[in-house]
Amino acid sequence: MTSGWSQAVCATHPKPDLWWPIGASDEAQTQATEAKAECRACPVLDACREWALTQPEGYGVWGGMTAVERAAHLKRTVRPDPDFPTSKGQRAERQAPRLAVA
């Protein structure tokens with residue numbers, strides 16, 4: 001379920017299907033690029049991206065990122081449990097999430 005801001009912004013866009021490119025065809029890539037350009041000008045980009053990075057949403061463009069980009073971002077910024085010992089017996093250091101506009 002999304003927040004009210006997404007319904008207010010994305011659902012009122014003249015092309016509401018823009019955020020749902022299907023597949024990896026050239027047409028889908030073009031659609032994703034267009035959606036991300038719309039996101040960059042959106043007043044709720046930061047809130048949308050923050051939401052998108054905390055939800056298991058496997059489809060669509062959210063917060064200016066495709067599902068593949070969100071997964072890659074999360075993989076790069078995984079924060080290990082600081083109480084879990086590493087292989088050298090030291091505590092893992094927590095990384096701060098990095099949010100970059102695509």
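Here, residue 1 is the first one in the sequence, and each next residue gets the next number. Scope of the values below: all heavy atoms of this structure, side chains included, with no hydrogens, waters or symmetry mates.
- Remark: Glu38 CD to Leu45 CG distance equals 12.0 Å, nearest 0.5 Å.
- Using a 30° and 60° split on the angle between ring planes, Trp20 and Trp62 fall in the perpendicular class, above 60°.
- Note: the hydrophobic cluster containing Ile22 does not contain Tyr59 (ILVMFWY, side chain heavy atoms under 4.5 Å, direct or indirect links).
- Between Ala28 and Gly23, the shortest heavy-atom contact is CB-O, 3.5 Å.
- The structure places NZ of Lys36 at 14.0 Å from CH2 of Trp19, a figure rounded to the nearest 0.5 Å.
- How far CD of Glu69 is from OG1 of Thr66: 3.5 Å, rounded to the nearest 0.5 Å.
- Counting heavy atoms of neighbouring residues, nucleotides and ligands inside a 6.0 Å radius, atom CD of Glu27 does not exceed 12 of them.
- Between Gly58 and Ala67 the shortest heavy-atom distance is O-CB, 3.2 Å.
- Under a 3.5 Å cut-off, the side chain of Arg70 and the backbone N or O of Pro56 do not form any donor-acceptor pair.
- Taken to the nearest 0.5 Å, the CG atom of Leu18 stands 5.0 Å off from the CD atom of Glu34.
- In this structure, SG in Cys48 is found 11.0 Å from CE in Met65, a value given to the nearest 0.5 Å.
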